[in-house]
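First listed ligand is number 1; within each ligand, the first listed atom is number 1.
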Amino acid sequence: MAAVTDDFVKKCEVKQNEALGRFVVAQCNLRAGETVLLEQPIVVLPHMGDRRCSKCFKLTQSFCRKGTDIWKHYQEHAFAPLEASGVLRHLQTEADEDLVQGLLSILDVNAYEIRAPEAGGSMKGLYRRAALFAHSCIPNLVTAIDEERRIKVYANRFIAAGEILYICYTNVLLGTEERREILKVGKYFHCSCPRCQDPTELGTHMSSFICSHCSCPDGFIIRHAGDGHEFVSNMLERAKEEIFHAKDDIYRLELLLAKLSRLLHRNHYLMLDLKQNIASILRQILQNITHRPNRKVYERKIRLCQEILLVLKVVAPGISRLKAIALYELANTQAELARKQYSEQELSASDLQATLEQVEVMIRESLRMLLFEPLATPEGQLSRSLLRELKELQDDIKNIQESNDD
Ligand SMILES: C[S@@+](CC[C@H](N)C(=O)[O-])C[C@H]1O[C@@H](n2cnc3c(N)ncnc32)[C@H](O)[C@@H]1O
């Protein structure tokens, strides 16, 4: 039996209908950030093709599971009872491709992606209760999985008793057609959440094109899901390939952004993808003091973070990890630029103070969202270092104020 806290039993009710199958409803009002579930996985699986140690879950060249505690545990609690019951003998003759495929698809539909110990790696975990939450592209829950592979599910906004609890099975920064395709292929349903039904994607235009037939400065064509024009699909595929091949070449990415800005709305999900890639390369440039970046590099990163945040505020309302990180990136870059300008005497002490005070507001907002993350996650760790940065920032502001007063 998976280890769970009482939260789920007290705050949630499992219901069932034809459209969603089983789903979960709030039994009481829930505060933003309130935990509804903490649960250990019942099964953890490597990604297809990966070989991982069953004890430490690190990638391994050879299987090293035999003899570990988990091996003995499964031997005692799973293998031995199955063997004693005679089920295995039955499976050896009856288990066919359909059965195996069926079992794997049950795992795909219900399992959560777990970050593996090494950077960029991932595994899958099956959680008995967390698998019951329905999906929406504007969810009211956040999920976080810590280093012990325990899942925490919490409200991203106030939720009234009786509301259906939704997580997002896909990436909120994709366009409707892409999100729907992922859900259809991986989860076997057609999403008809309010965002999917709105061709403007809540006014963000994350799938819209620039209108080439008129000269209006803000003319664009809204793409209705399932439009299916071949030349549009081909054009998007080509753009995806070009983004892929540009890798982390910032000049190619900027050129591509300029080129695609004649075809795609500035908030189109491919434009956002490019903007995120460029912002992350700029972060590396700014972190490397030997680069001695000029003011334009800071300003470019600030602009990109602002543009990404404008979209995130709509598609990820309430508490959001993505929004918290983008806000922190923005705040951090603004503070660094202001300090640089002050040291080069381009900014007065009072202007520096005013900018740092704005930065403090942003860091507080970012922290407010990250504080709900479990400590044993990269975001939980970021929240702790943000607490330290906030303290240093406040000391800085105080010092500047005192020297201004003198
Ligand atoms: C992780 S399971 C959720 C629990 C599932 N409803 C059950 O009864 O076990 C995912 C499945 O739930 C259904 N589902 C979840 N969210 C849905 C939605 N927004 N619209 C339609 N079906 C949904 C789909 O069948 C999907 O494959």
- Short N-O contact, Arg295 and Glu299, less than 4.0 angstrom: yes
When you check the gap from the basic side-chain N to the acidic O, do Glu392 and Arg339 get nearer than 4.0 Å?
no
protein heavy-atom neighbour closest to atom 10 (C) of ligand 1 works out as Tyr169 OH, 3.3 Å
Q. Do the side-chain N and O atoms of Glu201 and Ser207 include a donor-acceptor pair separated by under 3.5 angstrom?
A. yes
Closest to atom 5 (C) of ligand 1 among protein heavy atoms sits Arg22 O, 3.6 Å
Within the 4.0 Å heavy-atom cut-off, what Phe189 brings close to ligand 1 is side chain
Closest to atom 27 (O) of ligand 1 among protein heavy atoms sits Lys187 O, 2.5 Å
Going by the 4.0 angstrom heavy-atom rule, the piece of Ala134 near ligand 1 is both
Q. If we ignore angles and hydrogens, is there a donor and acceptor under 3.5 Å between the side chains of Tyr269 and Glu178?
A. yes
For Asn110, the atoms of ligand 1 under 4.0 Å from one of its heavy atoms are 1 (C), 2 (S)
Margin query: Tell me if the aromatic rings of Tyr166 and Phe133 count as close, with their centers under 6.0 Å from one another.
Written below: no
**Report entry** ligand 1 contacted by Ala19 (non-hydrogen, < 4.0 Å)
**Finding:** yes
If you measure from each heavy atom of Tyr166 to ligand 1, is any distance below 4.0 Å? no
Nearest non-hydrogen protein atom to atom 19 (N) of ligand 1, with distance, is His135 O, 2.9 Å
When distances are taken from atom 11 (C) of ligand 1, the protein heavy atom at minimum range is Val109 CG1, 4.0 Å
Does either side chain, that of Ser385 or that of Arg388, offer a donor lying less than 3.5 Å from an acceptor on the other one?
no
Among Cys193, Ala131, Gly21, Ser136, the residue with a heavy atom nearest to atom 4 (C) of ligand 1 is Ala131
Quiz question: by atom type and distance under 3.5 Å, do the side chains of Glu360 and Gln394 form a donor-acceptor pair? yes
Inset, instruction - Report yes or no: do Tyr154 and Glu373 form a side-chain donor-acceptor pair below 3.5 Å? - result: yes
message: Salt bridge check, Arg368 against Glu365: does any charged N sit closer than 4.0 Å to a carboxylate O?
response: yes
Per-atom filter on ligand 1: closer than 4.0 angstrom to a heavy atom of Phe133 are 3 (C)
Nearest non-hydrogen protein atom to atom 12 (O) of ligand 1, with distance, is Leu20 O, 3.9 Å
